[in-house]
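By convention in this document, chain letters (A, B, ...) are assigned in the order of the sequence lines, proteins followed by strands, and residues within each chain are numbered from 1. Every heavy atom of this structure was used, including side-chain atoms; hydrogens, water molecules and symmetry mates were not.
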Protein chains: 2
Amino acid sequence: MTSAPYASRERSTKERILGAAEALFATHGFAGASLRQVTAAARVNLAAVNYHFGSKDKLIEEVFRRRLDELNSRRLAALGKVAGKDDTRLEDVLDAYIRPALDLSRVDGGGAAFVRVLARAYAEHNETLRRFLSENYGHVLRQFAGEFGRLLPGLAKEEIYWRLDIVTGALTYAMADFGIIQRKSDVAERDHRETAAEHLIRFAAAGLRNPSVSNSPASH
Amino acid sequence: MTSAPYASRERSTKERILGAAEALFATHGFAGASLRQVTAAARVNLAAVNYHFGSKDKLIEEVFRRRLDELNSRRLAALGKVAGKDDTRLEDVLDAYIRPALDLSRVDGGGAAFVRVLARAYAEHNETLRRFLSENYGHVLRQFAGEFGRLLPGLAKEEIYWRLDIVTGALTYAMADFGIIQRKSDVAERDHRETAAEHLIRFAAAGLRNPSVSNSPASH
DNA sequence: GTTTGAATCAAACGATCGTTTGAGAGTACG
DNA sequence: CGTACTCTCAAACGATCGTTTGATTCAAAC
């Protein structure tokens with residue numbers, strides 16, 4: 001059971017399926033990408049998906065688990081390096097939150113596609129998927145919220161979550177490169193994301209530092 | 001040709017289809033919602049979609065056109081009331097951008113669902129849909145970018161577009177209520193959106209006012 | 001050599017998809 | 001009346017969907 005009889009010279013069947021599924025889910029969505037597309041791109045038999053994963057839904061969960069576990073641990077590790085100190089800057093915490101996602105998008109072999117899959121997940125109302133993401137993502141968000149609350153004592157806990165939610169949405173949006181604005185064709189995709197991350201950190205820091213107000217901000 | 005022989009006492013077949021499609025596209029996505037679901041919810045015959053709209057893709061475009069035309073004109077009208085004056089506040093321009101979307105989400109009869117459809121569109125890589133949205137949305141964004149550039153003379157034009165892109169992503173995300181954070185069950189959906197919009201305006205104003213910098217904002 | 005079990009394969013399952021068809025119902029106009 | 005035209009309807013089209021089946025292949029265990 002240690003080595004597969006077939007295709008031992010290449011990546012395993014399971015990994016080839018996961019990679020192909022990741023890329024196709026990013027492009028066509030979960031409902032839009034068929035298992036026949038996935039298995040054809042992975043150059044495996046159609047039945048291999050149900051054999052190795054059980055169902056399409058389980059395959060989707062595995063696509064997330066493979067990347068999300070590492071993304072979460074990297075975020076928490078980065079947070080641990082800057083959190084709780086006297087000279088902790090807000091930008092450092094934001095960087096710990098954003099940078100791992102950016103790094104993930106630069107990994108060869110599908111990481112770039114995964115951030116798009118992540119953006120898909122936010123748009124999906126699939127309750128099973130949402131629960132899965134909340135279980136694997138919620139505790140990370142709570143950790144960051146705690147540190148942000150320490151750095152921004154003037155903001156209520158609920159206010160912190162509100163703003164973090166906006167930051168997460170903007171991050172997901174920017175990372176996935178789903179903007180209306182067309183980037184210049186001579187700018188590579190990863191440079192585009194790097195620039196977006198730098199803008200986002202400055203943007204988010206300013207938004208989080210904004211003092212809480214009681215009156216309506218604008219009424220024309 | 002002026003009046004339909006059937007169902008004249010109710011909303012027309014076309015409008016019932018559009019309403020049902022809007023709600024189902026918001027919940028299940030464009031690929032995930034079938035025409036049989038749509039026509040069943042609209043209580044019309046299955047063939048009515050292809051008869052009145054030609055195809056499923058054309059139906060999707062019509063779902064957008066129906067709301068987007070009014071959203072765009074309302075945004076431009078609101079912008080026209082505050083733009084170009086000496087005492088124009090940044091929050092006023094942001095309000096002109098965000099408030100029409102919020103108002104749309106409060107309209108009875110499907111407007112709330114449309115903001116979710118809009119978020120779906122951002123996540124879709126469908127090239128036809130992206131081109132359609134860019135044609136109906138690009139000129140509005142350019143108008144707002146021009147006014148933001150006037151109010152923020154220290155920012156380069158490209159920087160304005162970068163930040164507006166983030167604002168649009170965060171707005172779409174917040175309006176569609178796709179956050180991980182669960183809102184309290186006793187908070188109604190429209191109140192949730194109203195609060196989100198107020199936070200977003202303050203958040204975006206602070207982010208846009210943030211002076212442009214040349215050095216990297218954070219590196220741990 | 002025989003057995004065992006995991007992995008792959010072609011083929012087909014029933015279900016559902018978007019779309020089309022042709023008949024028929026209803027209204028307006030002559 | 002008859003003709004014309006719009007709209008609705010049940011039914012079916014071929015294609016594709018996720019999933020299952022049963023045979024086959026290969027490596028390891030005995």
Side-chain angles (χ1 to χ4, degrees), chain A residues 1-25 27-64 117 120 124 126-129, chain B residues 1-25 27-64 117 120 124 126-129:
Chain A
M1 73 175 187
T2 53
S3 64
Y6 278 58
S8 54
R9 57 182 174 81
E10 267 191 278
R11 288 158 59 225
S12 70
T13 296
K14 288 186 71 169
E15 285 182 22
R16 293 220 306 278
I17 291 175
L18 286 171
E22 190 173 57
L24 286 167
F25 288 156
T27 306
H28 302 105
F30 304 113
S34 70
L35 292 186
R36 282 170 178 80
Q37 287 179 275
V38 170
T39 53
R43 284 175 293 111
V44 300
N45 188 270
L46 170 62
V49 169
N50 281 277
Y51 177 80
H52 286 287
F53 298 96
S55 67
K56 185 180 183 179
D57 284 337
K58 294 290 182 61
L59 170 62
I60 294 174
E61 286 192 9
E62 272 306 307
V63 167
F64 277 97
V117 176
R120 291 275 187 181
E124 291 283 340
N126 185 307
E127 200 55 40
T128 304
L129 189 58
Chain B
M1 70 176 185
T2 52
S3 65
Y6 279 59
S8 54
R9 57 183 173 84
E10 268 192 278
R11 289 160 56 226
S12 71
T13 296
K14 287 186 70 170
E15 285 182 22
R16 293 222 305 278
I17 291 174
L18 286 171
E22 190 173 57
L24 286 166
F25 287 156
T27 306
H28 302 105
F30 303 113
S34 70
L35 293 186
R36 282 170 178 81
Q37 288 178 272
V38 170
T39 53
R43 284 176 293 112
V44 300
N45 188 269
L46 170 62
V49 168
N50 281 275
Y51 177 80
H52 286 286
F53 299 97
S55 68
K56 184 180 183 179
D57 284 337
K58 294 290 181 61
L59 170 62
I60 294 174
E61 285 192 9
E62 273 306 307
V63 167
F64 277 98
V117 176
R120 291 273 187 182
E124 291 283 338
N126 185 307
E127 200 54 41
T128 304
L129 190 57

Taking atom [atom2] of [N] as reference, at what distance in whole Å does atom [atom1] of [X] sit?
X	N	atom1	atom2	answer
Gln37(A)	dA15(D)	CD	P	17 Å
Asn50(A)	dA10(C)	CG	P	16 Å
Lys58(B)	dT19(C)	NZ	C1'	14 Å
Leu46(A)	dT16(D)	CG	C1'	12 Å
Asn45(A)	dT24(D)	CG	C1'	12 Å
Lys56(B)	dC17(C)	NZ	P	8 Å
Leu35(B)	dT19(C)	CG	P	6 Å
Leu59(B)	dT19(C)	CG	P	10 Å

5'-most contact on DNA chain C (nearest-nucleotide basis), Arg36(A) vs Tyr51(A), goes to Tyr51(A)
Would you tell me if any nitrogen or oxygen in the side chain of Ser55(A) comes within less than 4.0 Å of OP1 or OP2 on dG18(D)?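 Negative; the distance criterion is not met.
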Hey, does the side chain of Ser34(A) come within less than 4.0 Å of dT16(D)'s phosphate (OP1/OP2), counting only N and O?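 Indeed not, no polar side-chain atom of Ser34(A) lies that close.
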Nearest non-hydrogen partners of [X] and [Y], listed with the distance:
X	Y	result
His52(B)	Lys14(B)	ND1-CG, 3.4 Å
Phe53(A)	Lys58(A)	O-CB, 3.1 Å
Arg120(A)	Thr27(A)	NH2-O, 2.9 Å

Under 4.5 Å between any side-chain heavy atoms of Val117(A) and Phe30(A), yes or no? yes
By the 4.0 Å heavy-atom rule, please label Ala33(A) as base, sugar-phosphate, or nothing.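 The residue Ala33(A) makes sugar-phosphate contact but no base contact.
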Apply the test side chain to side chain contact (heavy atoms under 4.5 Å, CB included) to residues Val44(A) and Val49(A): give CA-CA distance (whole Å), side-chain angles for both, the deciding distance (0.1 Å), then the verdict. CA-CA 9 Å; Val44(A) 300; Val49(A) 169; 5.8 Å; no
Side chain of Ala47(A) - closest among dA10(C), dT8(D), dT21(C):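 Of the candidates, dA10(C) comes closest.
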For His52(B) and for Ala31(A), locate the closest nucleotide of DNA chain D by heavy-atom distance; then report the residue assigned to the nucleotide nearer the 5' terminus.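 Nearer the 5' end of the strand: His52(B).
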